[in-house]
**Q** 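Input: one structure, supplied below.
All residue numbers refer to positions in the sequence shown, counting from 1. Whatever order the structure lists ligands and atoms in, that order sets their numbers, starting from 1.
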Amino acid sequence: MTMRSFGLIRQCCNALVRVPLAREKSPVSLPISHLSRSLTTAAEALKITYDEKSEVATMHLCRKPVNGLSLEFITQISIALEKLENERSCRGVIISSGCDNVFCAGLDINEMLRPTPERLEIFWKTLQDMWLQLFTTRLMTVAAITGHCIAGGCLISSACDHRVMAPNFKIGLNEVKLGIVAPFWLVDSVKNLIGYRQTEWSLMKGHLFSSEDALRLGLVDKVVPQDQVVLQAEADMAEWLQVPDSARHLSKTLMRRDTVVRFRSGREADLKTFVNYIPKESIQKTLHSYVESLKSKK
Ligand SMILES: CCCCC/C=C\CCCC/C=C/C(=O)SCCNC(=O)CCNC(=O)[C@H](O)C(C)(C)COP(=O)(O)OP(=O)(O)OC[C@H]1O[C@@H](n2cnc3c(N)ncnc32)[C@H](O)[C@@H]1OP(=O)(O)O
């Protein structure tokens, strides 16, 4: 197998002061006073490899301990996606995790705790952009879900085209448990997979589905033993790539058009809602208690 890492991407991922690079906006300088805590450095957090033979890249999320989506991390993912999108030979990307038993625990909650208004706004815009990129990319996208896949984690997996998950983990939108609400575009992308009622019910309860229930509902496409998830994702990717790229991408565009149109017309209002809602004292209290409960479970 011929593997090479994308030098350019690595280079970009290491330079993280000016963000975001994603489409539809010009770069802005980040207030770096509120860097969220992680056990990994920015350079270690995202590893991209490319297999020339299969024309498939792997985006390995390694922001330990749980791949919490901080502004810097989302920016890295966004830059990497853009680079892959522009790499003509690349036809697909597998998103995998380097965190034990966790694919992604969602947004880094620290981003929402006592945030500066400036950073909060950039954070949400960057997340919106990253989601749009992933949801609409010409690349075939496969999520290799080797562990829990919660809220923002489900944002990533549900924006992909195909999902392989390991057994005995949890996946879904639990935002209400934190006193917050999933944005309509994330809800739509889950609803597209599992239908209205299951989405409504799980959203209102903050219910996380087991891997097995997720398979039954269509929230994931396959459940295989944890040590086979990536291999299965690669095999499924190869099968998917037998379909001509442009026809596959046009079909995806057709199916996702309504969600994208709704997103584009609602994203400004969505941003305003988020930046007004999160700093509220009552929300801050609930988020704080949630973080405490995570720490005290040990
Ligand atoms: C109409 C108004 C609309 C307004 C819109 C408002 C908001 C919209 C946002 C919606 C979009 C998405 C939101 C989110 O993603 S919120 C995050 C939701 N995620 C979670 O609830 C997951 C929480 N984590 C867990 O349940 C567990 O950590 C686990 C993933 C199951 C893994 O368990 P385990 O292996 O036992 O690890 P620990 O629990 O010990 O965690 C290790 C350390 O990591 C910290 N941690 C965990 N998750 C997060 C996180 N999401 N952000 C930041 N930090 C996290 C945890 O506290 C541990 O830290 P410690 O070592 O310092 O104790």
**Q** Between Lys191 and Asp188, is the closest basic N to carboxylate O distance under 4.0 Å?
**A** yes
**Q** Answer with side chain, backbone, both or neither: which part of Leu178 has a heavy atom less than 4.0 angstrom from an atom of ligand 1?
**A** side chain
**Q** Heavy-atom distances under 4.0 Å are what count here, so tell me which part of Leu294 touches ligand 1: side chain, backbone, both or neither.
**A** side chain
**Q** Ligand 1 and Val291, any nitrogen or oxygen pair closer than 3.5 angstrom?
**A** no
**Q** If only side-chain N and O atoms count, and only distance matters, is there a donor-acceptor pair under 3.5 Å linking Trp240 with Asp161?
**A** no
**Q** Indicate whether any N or O donor in one side chain lies under 3.5 Å from an N or O acceptor in the other, for Glu82 and Asn86.
**A** no
**Q** How about CD on Glu239, more than 12 heavy atoms from neighbouring residues, nucleotides or ligands closer than 6.0 Å, or not?
**A** no
**Q** Flag Pro183 as yes when one of its N or O atoms lies below 3.5 Å from any N or O atom of ligand 1, and as no otherwise.
**A** no
**Q** Looking only at heavy atoms, which two atoms of Asp236 and Lys222 are closest? And how far apart?
**A** OD1-NZ, 3.0 Å
**Q** Take every heavy atom of Asn101, measure it against each atom of ligand 1, and state whether any distance is under 4.0 Å.
**A** no
**Q** Under 4.0 Å from a heavy atom of Gly152: give me the atoms of ligand 1 that qualify, with their elements.
**A** 12 (C), 14 (C), 15 (O)
**Q** Can you list the residues that meet the side-chain hydrogen bond (donor to acceptor under 3.5 Å, both in side chains) rule with Ser211, with sequence neighbours excluded?
**A** none
**Q** Verify whether one side chain among Asn101 and Gln226 offers a donor that lies under 3.5 Å from an acceptor in the other.
**A** yes
**Q** Is there a donor in the side chain of Gln133 and an acceptor in the side chain of Ser78, or the other way round, less than 3.5 Å apart?
**A** yes
**Q** Consider only side-chain heavy atoms of I, L, V, M, F, W and Y, link residues closer than 4.5 Å, and tell whether Leu203 and Ile150 are in one cluster.
**A** no
**Q** Any idea which of Lys177, Glu175, Lys295 brings a heavy atom closest to atom 62 (O) of ligand 1?
**A** Lys295
**Q** Run the contact test for Ala105 against ligand 1 with a 4.0 Å cut-off on heavy atoms, strictly below, and give the result.
**A** yes
**Q** Would you please indicate yes or no on a ring centroid separation below 6.0 angstrom for Trp131 and Phe263?
**A** yes
**Q** In terms of atom number and element, which parts of ligand 1 are under 4.0 angstrom from non-hydrogen atoms of Gly106?
**A** 15 (O)
**Q** Mark up the atoms of ligand 1 that fall under 4.0 Å of a heavy atom belonging to Val181, in ascending order.
**A** 3 (C), 5 (C), 6 (C), 7 (C), 8 (C), 10 (C)
**Q** Below a 4.0 angstrom heavy-atom separation, can you tell me which part of Asn174, side chain or backbone, both or neither, approaches ligand 1?
**A** side chain
**Q** Answer with yes or no whether Trp124 contacts ligand 1, where contact means a heavy atom under 4.0 Å from a ligand atom.
**A** yes
**Q** By number and element, which atoms of ligand 1 are closer than 4.0 Å to a non-hydrogen atom of Ile180?
**A** 6 (C), 7 (C), 9 (C)
**Q** Any nitrogen or oxygen of Tyr290, side chain or backbone, less than 3.5 Å from one on ligand 1?
**A** yes
**Q** Using heavy-atom distances only, which candidate in Leu127, Leu107, Asp108 approaches atom 53 (C) of ligand 1 most closely?
**A** Asp108
